[in-house]
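See below for the structure under consideration.
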Amino acid sequence: MKLEDLSSLMKRRRAGGLSYDYDRFRADPAVASLRWPDDVLEQFLYDFGENPAFMNDYGNVDLHEVTWRLETIPAADFHGMPTGATDVGCIEEFAKNLVHWVQNRPKRSAGTGRSTGRGCARRS
């Protein structure tokens, strides 16, 4: 299964607005079949699943072949982690005007505290 295979789910999510919350999204059989950790599922698919740059960079990845593990990474190592090819420079652009971006964070959905906005797609 690839990101484009979830396009009908993403359309339903978008059409449902705030009423189509993360719990409803993760209960979808296609999403549940991935058996991904909640944090990863939320950030990778729920938050970015239809972001054009993210789709461009990761659209060909077979989602069932992706495995996840929790590991500790020193903060200094984050400086060398690239974004996806489509978002080159995105992190640096946010960093140039950090105060603005912190003050203008995307709105959070009612009741869940989850972001309803988009940001840079980051890969390791």
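Smallest separation of non-hydrogen atoms from Phe25 and Tyr46: CG-CD1, 3.5 Å. In terms of heavy-atom proximity, Asp57 sits nearest to Ala85 at OD2-N, 3.2 Å. Across every non-hydrogen atom of Trp101 and Glu93, the tightest pair is NE1-O, 4.2 Å. Of all non-hydrogen atoms in Ala32 and Ala27, the two that sit nearest each other are CB-O, 4.5 Å. Between Trp36 and Phe44 the shortest heavy-atom distance is CZ3-CD2, 3.4 Å.
Environment of NZ in Lys2: crowded, with over 12 heavy atoms of neighbouring residues, nucleotides or ligands closer than 6.0 Å.
By the 4.5 Å heavy-atom criterion applied to side chains, Met10 and Leu3 are not counted as neighbours. Contact check for Asn56 versus Asn51: no side-chain heavy atoms found under the 4.5 Å cut-off.
No donor-acceptor pair under 3.5 Å is formed between the side chain of Tyr22 and the backbone N or O of Leu41.
Of the inter-residue distances, the one linking His64 atom NE2 with Arg35 atom CZ reads 11.5 Å to the nearest 0.5 angstrom. Here the CZ atom belonging to Arg13 is positioned 11.5 Å from the CZ atom belonging to Arg24, to the nearest 0.5 angstrom. Rounding to the nearest 0.5 Å places CD of Glu50 at 11.0 Å from CG of Leu45. With rounding to the nearest 0.5 Å, the separation of CZ in Phe48 from CE in Met55 is 14.0 Å.
Two different hydrophobic clusters hold Val88 and Tyr58 under the rule that ILVMFWY side chains link at heavy-atom gaps under 4.5 Å.
When Leu63, Val61, Asp62 are each tested for a side-chain contact (heavy atoms from CB on, under 4.5 Å) with Glu65, only one passes: Asp62.
Under the rule for a side chain to side chain contact (heavy atoms under 4.5 Å, CB included), the partners of Asp28 that lie at least two apart in sequence or sit in another chain are Leu9, Arg12, Ala30, Val31. For Ile73, the side chain to side chain contact (heavy atoms under 4.5 Å, CB included) partners are Glu71, Asp77, Phe78, Met81, not counting sequence neighbours.
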